[in-house]
Structure formats: C-alpha cells, structure tokens
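Just below is one structure, and these are the notes that go with it.
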Amino acid sequence: MDAEHKFGVRKLEILDKSKGFIELLQQLTICDSVSDKEFEERFQEISSCGDDHLICVIEDDRSGKIIATGSVFIEKKFLRNCGKVGHIEDVVVDSAARGMQLGKKIIEFLTDHAHSMGCYKVILDCSLENKAFYEKCGYKQKEVQMVKYFI
C-alpha cells in the first residue's frame, strides 16, 4: 500500500452494485443476491429519505471495488425537545482491506453526519469481538441489546 493512496468516504451511488457492494455486505451477514431492478428500487427508496438515511462507501480507486461501507438513519423523537437519534448499521470492511483504519473512517463519517443533522446521540449494536474497535472510535457500552427475529 503506497503512502500516497487515499481512501475517501462518499455516499453510495447506483453504480456501486457493479463494484461489489452486495458482495461486501455478504461478508457481514446474510445477504442474498440482489437483482439490478431490486437494487435500483431500494436505492431510490433510500435516496428519497434524503439526509435522514445515508449509506456511505469507500472505493479502492485502483481496483474499482467497494471495500468498506456503513449506514446511518436519523430517528425523529418527541423526547429531548423533539430530538433526533442517529442509528449506525451495517458497517463492514473487506477482509482483504482490514487494518488500514477504513472502519474508523466510516464511523467518523457517519457520526459526523448524525451530529450535523442535529442528533443528540448516535447508537449502534455490535458483537463483543468488535467492542474494542468501537471504543477506539469514541463509543461506550450502554445497556443491553435485545432482538426478536421474524424469519
């Protein structure tokens, strides 16, 4: 990795499906193949939320592949003077690109976005194995996550 190479964070684009975006998500969790039509429909649906739902990516401009991603959506509340909360989800760095601070760049980008949207806090769920990483990003453990799956 040459020292001059910079990895910039940007918003997801419609052409990113062909750059391995779905395959990257498959490194995180169950993510079946998505047709071009399904991708375009979901992309448009998310885009219609404007800055309230942001998916960001890092593209390796040498390979043309998406090597990191994450998302944040903004929840509008009545609590805290009709405050807002950012929810970070689906953070993953390609297994071949780990150790280059790309995850940290993604988290900082999403956190800054939530802050700029007026959120009073940002929350995320993570595995115990990833707890130390998120602590390095300035997050701390609070309470317990509960989940109920329908499938």
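Source: prediction; values computed, not measured.
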### Task
Begin with the C-alpha distance, continue with both residues' side-chain angles, and end with the deciding distance and a verdict on side-chain contact (heavy atoms from CB on, under 4.5 Å) for Asp52 and Lys76.
CA-CA 9 Å; Asp52 283 342; Lys76 294 173 172 71; 2.4 Å; yes

What's the separation between atom [atom1] in [X] and atom [atom2] in [Y], rounded to the nearest 0.5 Å?
X: Ile106; Y: Glu108; atom1: CD1; atom2: CD; result: 10.5 Å
X: Asp112; Y: Ile107; atom1: CG; atom2: CD1; result: 11.0 Å
X: Phe7; Y: Lys105; atom1: CZ; atom2: NZ; result: 8.0 Å
X: Glu41; Y: Gln44; atom1: CD; atom2: CD; result: 9.5 Å
X: Lys19; Y: Glu13; atom1: NZ; atom2: CD; result: 6.0 Å
X: Glu23; Y: Lys65; atom1: CD; atom2: NZ; result: 6.5 Å

### Task
Spell out, yes or no, whether Tyr120 and Ile123 are grouped together once hydrophobic residues are joined by side-chain heavy atoms under 4.5 Å, including indirect joins.
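Hydrophobic grouping puts Tyr120 with Ile123.
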
### Task
Look at the side-chain heavy atoms of Ile, Leu, Val, Met, Phe, Trp and Tyr, link any pair under 4.5 Å apart, and say whether Val93 and Phe133 land in one connected group.
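Yes.
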
### Task
Taking all heavy atoms of Cys119 and all of Gly86, pick out the closest pair and write down the distance.
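Distance-wise, the nearest heavy atoms are SG-N, 3.4 Å.
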
### Task
Go through the structure and list residues passing side-chain hydrogen bond (donor to acceptor under 3.5 Å, both in side chains) with Asn130, not counting sequence neighbours.
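Here the qualifying residues are Ser127.
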
Please check if the side chain of [X] supplies one atom and the backbone of [Y] the other of a donor-acceptor pair under 3.5 Å.
X: Gln27; Y: Ser95; result: yes
X: Thr69; Y: Cys56; result: yes
X: Asp60; Y: Arg62; result: yes
X: His113; Y: Asp51; result: yes

### Query
Above 12 or not: heavy atoms from other molecules or residues under 6.0 Å from CG of Leu79?
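More than 12 within 6.0 Å, yes.
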
#### Entry: From Glu45, Glu38, Glu40, residue fulfilling salt bridge (Lys or Arg N to Asp or Glu O under 4.0 Å) relative to Arg42
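Going through Glu45, Glu38, Glu40 one by one, the salt bridge (Lys or Arg N to Asp or Glu O under 4.0 Å) with Arg42 is satisfied by Glu45 alone.
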
List, one per line, each side-chain donor-acceptor pair under 3.5 Å for residues 135-150, sequence neighbours excluded.
| from | atom 1 | to | atom 2 | distance (Å) |
| --- | --- | --- | --- | --- |
| Glu135 | OE2 | Lys131 | NZ | 3.1 |
| Tyr139 | OH | Thr111 | OG1 | 2.6 |
| Gln145 | NE2 | Asp125 | OD2 | 2.9 |

### Message
A side-chain contact here means heavy atoms from C-beta on lying under 4.5 Å apart; do Ile88 and Tyr134 qualify?
### Response
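SC-SC contact between Ile88 and Tyr134 ruled out.
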
### Residues clustered with Phe43, ILVMFWY side-chain links under 4.5 angstrom
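Its cluster partners, ordered by chain and number, are Leu12, Ile14, Leu15, Phe21, Ile22, Leu24, Leu25, Leu28, Val34, Phe39, Ile46, Ile55, Val57, Ile66, Val92.
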
